[in-house]
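No experiment lies behind these values; they were computed from the predicted model shown. Per chain, numbering begins at 1; letters A, B, ... match sequence-line order.
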Amino acid sequence: MTEDGRLERLSGMLKRRGFLLPAFEIHGGAKGLYDFGPVGGRMRSRVNQRWLDHWLQLGNVVELSCPTVTPYAVLEASGHVGEFSDFMTECGSCGEASRADTLLEPHHPNPDALKRDELQALLFQVQPPCPGCGNQAWSEVKAQNLMFNTTIGAGDSGRPGFLRPETAQGMFTSFNALHRHFRERLPFGAMQVGKGYRNEIAPRQGMIRLREFNMAELEYFIDPEAELNDDLSPWDDAPLHLISDGGNGVEITLSEACKQQLIRHPTVARFMGITRDFLVDIGIDPSRLRFRQHEQDEMAHYAVDCWDAEIEGSYGWIECVGIAHRGCYDLESHEKATGKTLRARREFDEPRTITIDAWTIDGATAGPAFKALAGAVKTAVEALPKSTSFPCEISLENGAKVVVGEEHVKPNQKTIKETGEWYIPHVIEPAFGIDRIIWHVIDHAYSELEKNGEPYTLMRLSPTIAPVDYAVFPLFEKDGMGELAWNLHQTLCKTSGLVSMYDASGSIGRRYARADEIGVPICITVDHQSLEDGTVTVRDRDTGEQHRITIDSLS
RNA sequence: GCGAGCGUAGUGUAGUGGUUAUCACCGGGCGUUGCCAACGCCUGAACCCGGGUUCGAGUCCCGGCGCUCGCACCA
């Protein structure tokens with residue numbers, strides 16, 4: 001996998017040139033935390049911006065920024081408190097921590113599904129031997145969560161919270177504001193780039209599994225019953241490499257994959273196409289990109305269907321994007337937890353008329369007669385057929401039986417006209433791991449060449465995300481060449497969106513080499529002729545070709 | 001989390017318990033050259049942290065932190 005030390009040389013270069021560095025290193029470092037350095041920092045923000053620009057082209061999405069500090073209740077409602085934790089217990093004898101559900105596997109068909117109290121009870125009852133020392137003295141079961149705990153507020157007024165494990169929840173809880181913003185018309189989307197946190201048990205593989213990471217997510221809200229008009233034709237001449245659930249890899253167009261039901265939702269397919277375009281735009285090699293569908297049992301707790309974009313690099317095939325059809329799971333969960341409505345309205349083509357001809361209670365008599373049960377009696381009575389005769393014994397929801405007399409009821413005859421209905425929108429979510437993507441962009445761009453018999457490194461970064469746009473060199477810092485070059489550098493830096501780098505140290509060849517190593521697309525050299533006619537040489541990184549242009553045409 | 005290996009300038013490295021800690025690239029300055037990692041001189045920069053053994057520890061022992069790999073776990 002690692003071709004004779006390429007990964008080591010690449011990592012060394014990234015550290016030396018300031019792309020990626022272990023964070024807080026002078027204090028001994030911290031696992032799973034990285035700095036984007038003086039070169040990488042700029043590259044990261046360009047990728048983020050490019051991502052936003054790319055999805056804004058949909059025309060019906062907006063950008064949000066939600067807090068990373070999140071109250072306990074939000075993540076409890078979303079299912080993360082339950083799903084993102086393992087229940088741990090410690091051996092009282094040797095101190096070894098074990099997962100309670102693993103210990104109980106021989107004693108229960110599915111201990112993973114047990115709640116904490118049930119696990120605890122079963123553990124104390126069974127007392128399985130410690131895999132470490134064989135003793136049977138387990139501590140209370142504690143939830144060890146993969147989310148970072150924190151306390152919001154101080155002292156007794158503080159309440160528990162977490163650092164968010166994904167940006168999505170803030171967008172779900174803002175649904176009503178989004179809905180209003182979009183004049184209550186679906187589909188629409190909200191997106192944000194930001195930090196997410198997971199207290200990984202074992203961060204590994206550099207940028208691949210981090211404890212604090214950059215993510216970019218879009219929540220696209222759709223009406224599950226609306227007619228779909230996802231246009232997949234833009235990708236008809238660009239088949240994708242797909243690996244479907246339980247199937248083998250195929251090269252297939254998105255249109256065809258939908259027709260064959262490999263991809264279960266056309267919006268998911270369209271987002272796969274848009275994702276591919278984004279990745280290729282910023283420099284991912286399309287031949288090292290594939291989409292893989294999750295197996296049913298692999299799917300996260302919220303997903304209905306999920307396709308990963310996987311990119312091949314120094315660590316093999318790595319999941320860098322997840323495109324999940326989350327159904328109505330999230331909005332429904334927050335509705336249940338809060339009692340608030342998170343819905344959109346769908347008007348019927350024709351108003352629907354519902355005719356009711358049955359019974360209901362007469363509040364004046366049933367109320368005093370059934371007191372607290374009156375509500376349940378009403379529900380039960382209204383469910384009875386018109387042919388019922390009273391008095392009559394009926395069963396209530398809570399199991400109680402009551403006798404309802406003729407005096408307690410009255411006919412219920414009405415016609416209700418409904419012009420539409422409220423429903424919980426479904427969500428399609430493309431979620432991008434920015435760090436993993438940047439890693440692969442770098443990995444694919446990093447080229448080890450040979451130049452005049454010497455090893456030579458070149459970063460073929462796309463100009464769309466290169467950390468530096470122009471490098472400006474005075475051939476020699478004398479006769480005014482230095483001043484002219486510095487002024488040009490300043491002018492370029494004043495241009496919005498451009499970054500120029502001035503370098504006057506070392507031979508010109510060395511400076512080209514330094515610029516090539518961090519992927520500067522264009523080097524501009526000021527020489528003697530520049531002083532006379534205001535022209536400079538412009539050199540292309542990948543071809544090495546030079547031509548003269550006037551300074552004016554640059555800015 | 002378990003097991004194994006590793007931790008020396010910015011990077012890559014050498015280093016029998018006793019050196020002024022090796023070499024290369026690298027960075028900076030000066031000079032020279034003047035369009036693809038040129039050269040000379042000068043210069044900068046390191047034993048992961050904390051204990052222990054020892055007259056003496058980069059080297060041996062213990063613990064921590066970090067890195068790599070395998071297992072386990074997991075977006």
Under 30°, 30 to 60°, or over 60°: which ring-plane class applies to A:H489 and A:Y502, parallel, tilted or perpendicular? tilted

Donor + acceptor pair across side chains of A:R460, A:S447 (<3.5 Å): yes

Looking only at side chains, do A:R16 and A:S11 share a donor and an acceptor under 3.5 Å apart? no

The Watson-Crick or G-U wobble partner of B:C2, with both key distances under 3.5 Å, is B:G70

Interatomic distance at C1', B:U8 relative to B:A57, whole Å: 14 Å

From B:G27, B:C67, B:C35, pick the nucleotide closest to the side chain of A:K31? B:C67

If you only use heavy atoms from C-beta on, which nucleotide in B:A38, B:C69, B:C35 is closest to the side chain of A:R510? B:A38

Using 30° and 60° as the class boundaries, would you call the ring planes of A:H325 and A:H426 parallel, tilted or perpendicular? perpendicular

Using both distances under 3.5 Å as the test, list the Watson-Crick or G-U wobble partner of B:C39, or none. B:G31

For B:U11, which nucleotide is its Watson-Crick or G-U wobble mate, given both distances must be under 3.5 Å? B:A24

With a 3.5 angstrom cut-off on both distances, give the Watson-Crick or G-U wobble partner of B:U16, or none if there isn't one. none

What is the distance from CZ of A:R211 to C1' of B:G1, rounded to the nearest Å? 12 Å

Against the side chain of A:Y456, the closest entry in B:C35, B:C69, B:C36 is B:C36

Output the single nucleotide from B:C35, B:C69, B:G27 whose closest atom is nearest the side chain of A:R514. B:G27

For B:G58, what is the paired nucleotide under Watson-Crick or G-U wobble rules, both distances under 3.5 Å? none

